[in-house]
Peer 1: 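Structure below; questions to follow.
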Amino acid sequence: MEPDGVALYSQMLKSRRFEEAVTALWREGHISAEMHLNIGEEGIIAGVVDHLSEGDAMALDHRGTAPLVMRGVDLVLLIKELMGEEDGLCAGMGGHMHLFVPELLAASSGIVGASGPAACGFALANQHLRPGKIAIAFFGEAAMNQGMLMESINLAAAWSLPVVFVCKDNGMAITTPSRKVTGGNLCTRAEGLGAQAVSVDGADVGAVWRAAEKAVERARKGQGPTFLHATCRRPEGHFLGDPLLRIVRNPVDELKSKVGPLVRAATGSGGASVGRRAASLGSIMDMLGRAGKMRKLGRHDPLERQAKRLSGAERSGVDAAVEGEVAAAIRAATERMEAGP
Amino acid sequence: MEPDGVALYSQMLKSRRFEEAVTALWREGHISAEMHLNIGEEGIIAGVVDHLSEGDAMALDHRGTAPLVMRGVDLVLLIKELMGEEDGLCAGMGGHMHLFVPELLAASSGIVGASGPAACGFALANQHLRPGKIAIAFFGEAAMNQGMLMESINLAAAWSLPVVFVCKDNGMAITTPSRKVTGGNLCTRAEGLGAQAVSVDGADVGAVWRAAEKAVERARKGQGPTFLHATCRRPEGHFLGDPLLRIVRNPVDELKSKVGPLVRAATGSGGASVGRRAASLGSIMDMLGRAGKMRKLGRHDPLERQAKRLSGAERSGVDAAVEGEVAAAIRAATERMEAGP
Amino acid sequence: MRTMTFADAIEDVLMEAMTADPRIIVFGEDVHAIRMNLYARFGEMRVRPTPISESAFLGAGVTAAMGGLRPIVEIMMVDFIAVAVDALVNHAAKIEAFSGGKWKVPMVVRVACGGGYGDGGQHEQALWGLLAQVPGMKVVVPSNPADAGGLMLSAIEDDGPVVFMEHKLLADYWLDYLADGGRMNLDYDIPEEGAFGPVPDVWQPTPIGEAKIVREGGDLTMAAVGVGLHRCLEAAARLTEQGIEASVVDLRTVSPLDTDTLCESVSKTRGLLVADEDYKSFGLSGELAATLMEAGIPARFARVCVEETIPYDRRREGQVLPNVQRIVEVARQLVDPGSLVA
Amino acid sequence: MRTMTFADAIEDVLMEAMTADPRIIVFGEDVHAIRMNLYARFGEMRVRPTPISESAFLGAGVTAAMGGLRPIVEIMMVDFIAVAVDALVNHAAKIEAFSGGKWKVPMVVRVACGGGYGDGGQHEQALWGLLAQVPGMKVVVPSNPADAGGLMLSAIEDDGPVVFMEHKLLADYWLDYLADGGRMNLDYDIPEEGAFGPVPDVWQPTPIGEAKIVREGGDLTMAAVGVGLHRCLEAAARLTEQGIEASVVDLRTVSPLDTDTLCESVSKTRGLLVADEDYKSFGLSGELAATLMEAGIPARFARVCVEETIPYDRRREGQVLPNVQRIVEVARQLVDPGSLVA
Ligand SMILES: Cc1ncc(C[n+]2csc(CCOP(=O)(O)OP(=O)(O)O)c2C)c(N)n1
Ligand SMILES: Cc1ncc(C[n+]2csc(CCOP(=O)(O)OP(=O)(O)O)c2C)c(N)n1
Ligand SMILES: [Mg+2]
Ligand SMILES: [Mg+2]
């Protein structure tokens, strides 16, 4: 089958606009601590969740908003949860890393790799109680070094569990380039764990959709798990307020307090050889450079890529509707706040 | 290079005779609880540890005796440890699953998979303090489903740690056939974690030796970890007193108390369909059959295979020397016991 | 009244419960062998052997429960739970709270625990204090067949996560499997009334969080779970000969603790001795002290617990685990501090 | 006397120690960024970023230490240690015993802990009680820059495994990183004297296992570690206004506990309030109660601890974490139970 390009675009846009609003609320201090976004990886999420329906489950990681937005969770409840309100999605108890929606069989975790076992458990329940229904695990490429995730791919293979393991590969674990700490190849690894593996460009929502279609179908038929590897780029870095991006955006202020100690450290007596110190400094510069490059989505933007495939009319219709929907939700959710306590 | 066939035979024989003596002591009740032997896998151990010398480390699993015997640990201390004596190798505090020899950098663990991280740590210390020295991890094939072991292969690859991961594949995890709970292929899996992988017949000590030679050399040169997969068969099953082997050896007595409840369970009303119950019973019979088949080493006996390669003179010389050595050690270790408290 | 072994009582309850409720499934390493009768009755889909992947399958238990099943996840020995504690500490125990109370985790974690058969310090731990620490976990430790069955029934019926711990000295098959291996020449200090005894004709849930006073005496209270309870009873019998009468409380549930029953008993005896096979510090025994102090019940207090890594050597093992002699001595000192010198 | 932030004090000690002893290495996730200065000085071989494989690299820390290094293994937040607890519970803590005393594990595990900035219940735990439970582990929780440096020095010099816990409200960079992200519009209840203060001109080890009486008062004793200590001090100041004088004990080390200092103080005040950011049951607060009871020191006792999963919502979070107001109220009731009604 062919995907409904307008619907996919609309989903991605809704998530993008929603997270832009979240960004503003976070900057204003209405959302506390670590807020991890899906901006840049909407192509992966949309291409996968478009295949889901009632009874299908989702095991989410620390970036749970987009999948929930695209599955139609009430935006007002969601934003209120992020703001810790008592009438939020989880009564303000869970917050950004712990979003739970029983009706969607959607559960989150801030523990890297935990979505693997979680998807297996949902899939096991589906195998018993809702045959034909499946479970998705969303996680980053660095989570593939977490034992429990690898264990769970094997478990899914051994038990033919209906799971699609979706690896959103932005190449980074916070500030660590994953290539540096990851041996071999993730698809080979997943195959060695008994899953079928497939790689796609995550910025191409259509490609993701088609790869996911096959993976979901295999799972529904009881043919076992698929490892769906999709690349992406995230312009906000690891989370809102990513320390590297802060430096990239505002080097003078941000580096003020850091450069002195760093130079003293790098030049002080004792310690590694000059060569090794230079290598360290080089790798710090590298890290900043890489962060800077990630800022611009450019051709890695799944939203723009998909927009180009639509007609002007299609696009402007969706834009208006989605923007209206998100704006209304944000208004409704922040009403009380605006009014003051 | 070519291995010294006599030396390898001698090592294997020493371990075999030692563990036969251990078996007797265990049966007499002088060794408590779970005693896991290496009988049947001596070809793997000998072929690997023959390459080790001072400064090389060994991370052992629940089957730690053979590697220590072959590295020359005092047999009297070892047997006393197994008997829990205060003057044993570890003062009787560790016991069969927790044998520690600092001079050999040899550490054991009864936690399945723990030898992976342990080997990485030793290798890291060697990388810093004893360049060119390496670490071996010994473990079973089922341990490859334990997250920390997979993590540690990746860690070794990422850090180019000098580790050889030695997977002793007897196809079984206690009573579970590993094939049934393991997806994919272990060599592929190890490659997907960044190790080089190689498979050998563990009953052929020469083949193991040659594969290990390359792996050890790679590690010494800082070229990273190798996954050495070696098959084996273990006639004593999982441990001394393996429940399946007890049934196989003495079905009438052992099944007496078990058959009644099993038949009642299998035929009682409620529960799975007749087909599924039959499948369960079939798989129980299968398990017993498999255990029975494992009892006889036959051509899977690394000792016999190697013996055939030696001349009668070579062999009888070694036999006498080794048997004398082991017998003397057992006598010395059990002296006090014989004499009474 | 029927009589049964500790192990059979649990199996009997499971047979009944699994027949009645198809949502109950069992999984864990080797369960086709360890639960062979259940395996034969309910088939592999409901009694399923796992890979040695505790993190994955314990974690899967959490969401399987959230997805509508009633899983009983087996971790062979509680010591091994250390590789998978995240599933309990950060997930099972917290999801009801995280979800704002909307989602519950009706999972039972079944584990063997405890020592006394020479298996060494990595295979004989109790660890109930560690598991009980995190709000949201229930932990039960039965001491006899009736409670083993009754607490398993409660654990299954409970809508939250419950760790069900069976002591290897009470469950005969574990000892046969891990310790004897068919040998007849070894002795264990098996509490007879714990390993075999009466059970109700019709199973009733033993309420989680209810302790039971199993012996009344005015001079001091002893509290314990599992095998420790029997050590206390034996100590109490010996103390009687020395003119000391002890109450003995079977806590049965570590978390939530039945503080009322404990306080009531100690209010009368003004003395508490905790015999705990778990580690002494930062665990159950300390919590019982805090319970008394919070309730403002002044009492003499002493603990007989495990204070170091459990030795492999069976002689030293027997000294490190709470034994009857240690309990008797500490009890005597508690009742009559002067006896210290005697 | 110099003054320093809590974070700088630790870094200063590490700079000195790592310069002096090439066996000291640091590894953990993102350490090239989190410990950027150490990374620049000592290079990647000694300050090495890891994959997200806590079980592997914490386990590797154990044998790296046995192999002759002095590793400092970083687990970003203590909550994550749940995936790797086996390395501590079954290995680091036990190997000295298992080896008959022949082999030691000189490893430091450095972790951030604690809440108060709205990160939710899976990222704000204390968990020192859980880590302290197993014999063989030392656990230290400094409350100010001098002790942060001094305890890190001791931890490095110790021949056994030590968990070094730094509270995120005290270590400014953690808060900047996890909570603010460059925002200026948020408030945290940061204990000023904990986050910044005097340190010795020449670093001296703060002995592990020594508590410190930081305030003397005759009406009750308060005991705490880390941020809790500062909450107690503030509560004590408020109580003074109400005519109540509290002693405040900074335990500094959770395990081994300095029971002498505690007992000495409570012997005088006859009252103990434990303010503990860790979970209430089966942990530190209970152990302190047991300590008193074992010593036969009668005292009023109360705890202000975390009793449930820490809420995300910062208002409720502030209620669930021990706060000054709760401490003041409980202290007043403890000193004068009649005030309950007032
Ligand atoms: C077990 C565990 N270790 C470490 C962390 C801290 N942490 C949170 S996100 C993250 C990086 C994850 O990288 P990846 O899996 O690639 O996902 P991404 O953030 O790039 O989407 C880390 C290290 C954690 N939450 N859990
Ligand atoms: C973490 C953990 N889980 C379970 C066990 C129980 N156990 C001990 S050995 C074993 C089977 C190991 O199989 P394998 O790795 O193939 O080694 P083998 O015994 O066949 O040599 C199991 C499940 C354990 N010791 N540790
Ligand atoms: Mg990533
Ligand atoms: Mg095996």
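Chain naming here is simple, since letters A, B, ... match the order of the sequence lines and numbering starts at 1 in each.
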Peer 1: Looking at A:Trp159 versus C:Phe27, is the centre-to-centre ring distance below 6.0 Å?
Peer 2: yes
Peer 1: Quick one: are A:His128 and C:Arg46 in side-chain contact, heavy atoms under 4.5 Å?
Peer 2: yes
Peer 1: Hey, can you tell me if A:Phe100 and C:Trp103 have their rings parallel, tilted or perpendicular (30° and 60° cut-offs)?
Peer 2: perpendicular
Peer 1: Heavy-atom pairs under 4.5 Å with chain A are the metric here; pick the option from C:Thr63, C:Val62, C:Thr50 that has the most.
Peer 2: C:Thr63
Peer 1: Compare all side-chain heavy atoms of C:Lys102 with those of A:Leu89 and state whether any distance is below 4.5 angstrom.
Peer 2: yes
Peer 1: Could you tell me if the side chain of A:Ser109 sits less than 4.5 Å from the side chain of C:His91, heavy atoms only?
Peer 2: yes
Peer 1: Who among A:Gly113, A:Cys120, A:Pro102, A:Ala57 has the most heavy-atom pairs with chain C under 4.5 Å?
Peer 2: A:Pro102
Peer 1: Heavy atoms only: give me the nearest C:Gly67-A:Ala125 pair and the separation to one decimal.
Peer 2: O-CB, 3.6 Å
Peer 1: Relative to chain C, which segment of A:Ala118 carries a heavy atom at a distance below 4.5 Å: side chain, backbone, both, or neither?
Peer 2: both
Peer 1: Among C:Gly59, C:Ala84, C:Ala87, C:Ala64, which residue forms the greatest number of heavy-atom pairs with chain A at distances under 4.5 Å?
Peer 2: C:Ala64
Peer 1: Testing the basics here: between A:Met148 and C:Ser55, what is the closest heavy-atom pair and its distance to 0.1 Å?
Peer 2: CB-CB, 3.5 Å
Peer 1: Measure distances from C:Ile25 to the heavy atoms of chain A and classify the residue's part below 4.5 Å as side chain, backbone, both or neither.
Peer 2: side chain
Peer 1: Quick one: does any side-chain atom of C:Arg23 pair with a main-chain N or O of A:Leu129 as donor and acceptor, under 3.5 Å?
Peer 2: no
Peer 1: Taking C-beta and beyond as the side chain, do A:Leu155 and C:Ser53 meet within less than 4.5 Å on heavy atoms?
Peer 2: no
Peer 1: Identify which of C:Asn90, C:Val83, C:Asp86 forms the greatest number of heavy-atom pairs closer than 4.5 Å to chain A.
Peer 2: C:Asp86
Peer 1: Shortest non-hydrogen contact from C:Arg48 to A:Leu124?
Peer 2: NH1-CD1, 3.3 Å
Peer 1: Counting heavy-atom pairs under 4.5 Å to chain C, which of A:Leu99, A:Val101, A:Leu161 comes out on top?
Peer 2: A:Val101
